[in-house]
A.B. asks: 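I'd like to ask you about the structure that follows.
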Amino acid sequence: MLGKYNKKAFISLGLTFILMWISEAEDAHVNYNYTTKPRVVLPPNYVKEMRPPSRKGSPVIVDFSIFVVDINSINVEDMDFRVDMFIHQRWMESRLEISDDIFEEGDDYVTLLPEFFDNLWQPDPYFLNSKIAEIATLTHKFTSVTLYKNKTVRYAARMHAIIACQMEFQLYPMDIQVCPIYIESFSSNNQKVKLRWSDSGVTLNPELKLLQYNLGQPLELEESDGYMPEKVGNFSRLTVYFRFERQIGHHLIQTFAPSSLVVMLSWFSFWLGLDAIPGRVTLLVTCMLTLVTMFTGLRADIPPVAYVKALDLWMAGCMVSVFAALAEFVVVKVLDVQYQYQVNRIPKVLPMRISNMEKGQCATVASWEGGAVRSRKATQTPTTPGQTSLQGNGGPPKPARRQSLLSVAWTDTDTGVEKIMWREIDKVSRAVFPILFFVFVLLYWPILLMKSS
């Protein structure tokens, strides 16, 4: 009986010790959690949905700044660009009760965990013309909240956004795209929240480089109030304009220089005689096809637009020049065929007419001038009134028939050398075509440079 009692007492004592140990562990755990709680105490009546108090009728001032890390993916087809940046917002929160013991010695600020930001009132700016705007994340969102002794709250975040930009390509490939970023308060109108650029405004990464563009500096900043009919009110708006100037060096090497050489190559056909017809036709047709292939590939780099671009004018000028050279070849070939026909026909006609003259069959005087045959028939002039004019052996009057090679060949009166029309056209084309193309170039580039500037 006594042993049974001692056994129960021993068990009861053991349970008591176990309960005491569990109680001490819980107290230690509670104390540990208490020491890690932030010692920034919000007032009991703090409501994060209400904006900080300000003077009567004046909005809360939110200073905004951006540090642009990188700009990439300038997409002319979708008309947008991607920007990676740090954004900073700063405003006064006079309702905070900040104790001095949370600041390290010599510091007037403290950086807290991002979760603390969820308990504070916060402005709600957004990118008005963004397609996508996201805060960068790895294991957590890259954000931070900094509190200053003067109760200033500073919020920072690393984010990326895809910004829509209405691009114009009339001056392509010397176009300049001005792409704004609009930042606006979403739910608080301009009487409650006022956005303004801080002293730093928008700064660029000094190592930032773009492949096909030069980024114009300094950036133009603007503060305004925009009326939003969707939200029925005026809202504070910040605007930064990015000026992208396309670099012409790539297109000079890939477009303008090769196309100019192709046009100059077509001029060599004027030095090829008509005895080299296959070579001349092949040269001109190859130049035309080369230009068509070249400009077809270039048009794939930009979206199809309804208006004429500067590159289209250059393409048209080059193709017209080559097409005109091809048309000139057709003209001289037709003239050469006519010349050969007349040259082969004259020796057969001339002896026939001389034989007829000797037989007295007609009163015809034939003369040969530089390969040209001229016929003149004797006419009888009436000597008495009422007498009719007779030509040849009589009959009604007929217009004098004249056959000449002056349309395809003639004799130079000074030198007596025979001039053939198609050869003279080739000689003139050797000078006219380069002159016309150089005039086109001299008009094209100054006008383009003046409009782009």
Side-chain angles (χ1 to χ4, degrees), residues 74-79 165-178 212-214 244-272 277 279-335 422 425-453:
I74 301 177
N75 194 336
V76 297
E77 295 183 356
D78 297 333
M79 291 198 296
C165 178
Q166 300 301 318
M167 300 181 181
E168 298 291 339
F169 300 100
Q170 284 90 346
L171 300 179
Y172 180 87
M174 292 192 64
D175 54 319
I176 298 175
Q177 307 298 339
V178 179
Q212 297 186 21
Y213 296 89
N214 292 323
F244 301 115
E245 302 174 359
R246 192 183 300 273
Q247 297 177 3
I248 192 62
H250 168 75
H251 292 278
L252 284 176
I253 298 174
Q254 299 293 330
T255 305
F256 292 103
S259 58
S260 300
L261 292 177
V262 171
V263 172
M264 295 178 184
L265 184 62
S266 67
W267 301 339
F268 294 163
S269 63
F270 303 137
W271 274 266
L272 298 178
I277 293 178
R280 190 164 179 172
V281 173
T282 302
L283 175 62
L284 293 175
V285 173
T286 302
C287 291
M288 178 63 71
L289 294 178
T290 301
L291 290 177
V292 171
T293 304
M294 182 185 303
F295 291 118
T296 301
L298 292 174
R299 292 172 66 91
D301 296 337
I302 58 175
V305 293
Y307 45 81
V308 178
K309 304 179 292 295
L311 183 62
D312 295 334
L313 295 178
W314 178 263
M315 175 181 65
C318 294
M319 297 185 67
V320 166
S321 179
V322 176
F323 180 80
L326 186 59
E328 187 269 350
F329 166 73
V330 175
V331 171
V332 298
K333 181 57 182 175
V334 171
L335 293 176
W422 70 266
I425 292 177
D426 269 351
K427 292 180 181 178
V428 174
S429 298
R430 296 171 188 174
V432 171
F433 274 72
I435 291 175
L436 292 178
F437 184 74
F438 288 141
V439 169
F440 167 71
V441 173
L442 292 177
L443 291 177
Y444 179 86
W445 284 107
I447 294 176
L448 183 60
L449 292 174
M450 182 170 53
K451 285 184 174 293
S452 62
S453 61

A.B. asks: Do you know the tightest heavy-atom contact between Arg280 and Val332?
C.D. replies: NH2-CG2, 4.3 Å
A.B. asks: Do the side chain of Arg246 and the main chain of Asp175 share a donor and acceptor less than 3.5 angstrom apart?
C.D. replies: no
A.B. asks: Evaluate the side-chain proximity of Cys287 to Leu291: yes if any heavy-atom separation is below 4.5 Å, no if none is.
C.D. replies: no
A.B. asks: Is there a donor-acceptor pair under 3.5 Å between the side chain of Gln177 and the backbone N or O of Glu168?
C.D. replies: yes
A.B. asks: Classify the ring geometry between Phe270 and Phe433 as parallel (under 30°), tilted (30 to 60°) or perpendicular (over 60°).
C.D. replies: tilted
A.B. asks: Give the minimum heavy-atom separation between Pro173 and Leu311, together with the two atoms involved.
C.D. replies: CD-CB, 4.1 Å
A.B. asks: Is Thr293 reaching over with its side chain to a backbone N or O of Thr290, donor-acceptor style, under 3.5 angstrom?
C.D. replies: no
A.B. asks: Would you say Thr255's side chain and Leu252's backbone share a donor-acceptor pair under 3.5 angstrom?
C.D. replies: no
A.B. asks: Please report the interatomic distance CG(Leu443) to CG(Leu448), rounded to the nearest 0.5 Å.
C.D. replies: 12.5 Å
A.B. asks: Distance-only, no hydrogens or angles: does the Tyr307 side chain make a donor-acceptor pair with backbone N or O of Phe169 under 3.5 Å?
C.D. replies: yes
A.B. asks: Would you check if Val76 and Gln212 make a side-chain contact, meaning some heavy-atom pair closer than 4.5 Å?
C.D. replies: no
A.B. asks: For the CG atom of Leu313 and the CD1 atom of Ile447, what is their distance to the nearest 0.5 Å?
C.D. replies: 9.5 Å
A.B. asks: Do Trp422 and Val331 have side chains that approach each other closer than 4.5 Å (heavy atoms only, starting at C-beta)?
C.D. replies: no
A.B. asks: Quick one: are Val305 and Gln170 in side-chain contact, heavy atoms under 4.5 Å?
C.D. replies: no
A.B. asks: Give the minimum heavy-atom separation between Met174 and Ser452, together with the two atoms involved.
C.D. replies: O-CB, 3.6 Å
A.B. asks: Return the OG1 to CD1 distance between Thr282 and Ile277, rounded to the nearest 0.5 Å.
C.D. replies: 11.0 Å
A.B. asks: Are the side chains of Ser269 and Phe329 in touch, meaning some heavy atoms are under 4.5 Å apart?
C.D. replies: no
A.B. asks: Using side-chain heavy atoms (C-beta onward) and a distance below 4.5 Å, is Ser266 in contact with Phe323?
C.D. replies: no
A.B. asks: Where does the angle between the aromatic ring planes of Phe440 and Tyr444 fall among parallel (under 30°), tilted (30 to 60°) and perpendicular (over 60°)?
C.D. replies: tilted
A.B. asks: With the side chain counted from C-beta on, respond yes when Ile74 and Met167 share a heavy-atom pair under 4.5 Å apart, and no when they do not.
C.D. replies: yes
A.B. asks: Between OG of Ser259 and CD of Gln254, what distance do you get to the nearest 0.5 Å?
C.D. replies: 11.5 Å
A.B. asks: Which distance, rounded to the nearest 0.5 Å, do you find between the CG of Leu298 and the NE2 of His251?
C.D. replies: 7.5 Å
A.B. asks: Between the main-chain N or O of Tyr213 and the side-chain N or O of Gln247, is there a donor-acceptor pair closer than 3.5 Å?
C.D. replies: yes
A.B. asks: Tell me whether Lys451 at atom NZ has more than 12 heavy atoms from other residues, nucleotides or ligands lying less than 6.0 Å away.
C.D. replies: no
A.B. asks: Would you call Asp312 and Tyr172 a side-chain contact if the rule is heavy atoms closer than 4.5 Å?
C.D. replies: no
A.B. asks: Could you measure the distance from the CZ atom of Phe437 to the CD1 atom of Ile435? Nearest 0.5 Å is fine.
C.D. replies: 13.5 Å
A.B. asks: Starting from the C-alpha separation in whole Å, work towards a yes-or-no answer on side chain to side chain contact (heavy atoms under 4.5 Å, CB included) for Cys318 and Phe256.
C.D. replies: CA-CA 10 Å; Cys318 294; Phe256 292 103; over 6 Å; no
A.B. asks: Nearest heavy-atom pair of Trp267 and Ser321: which atoms, and what distance?
C.D. replies: NE1-OG, 4.0 Å
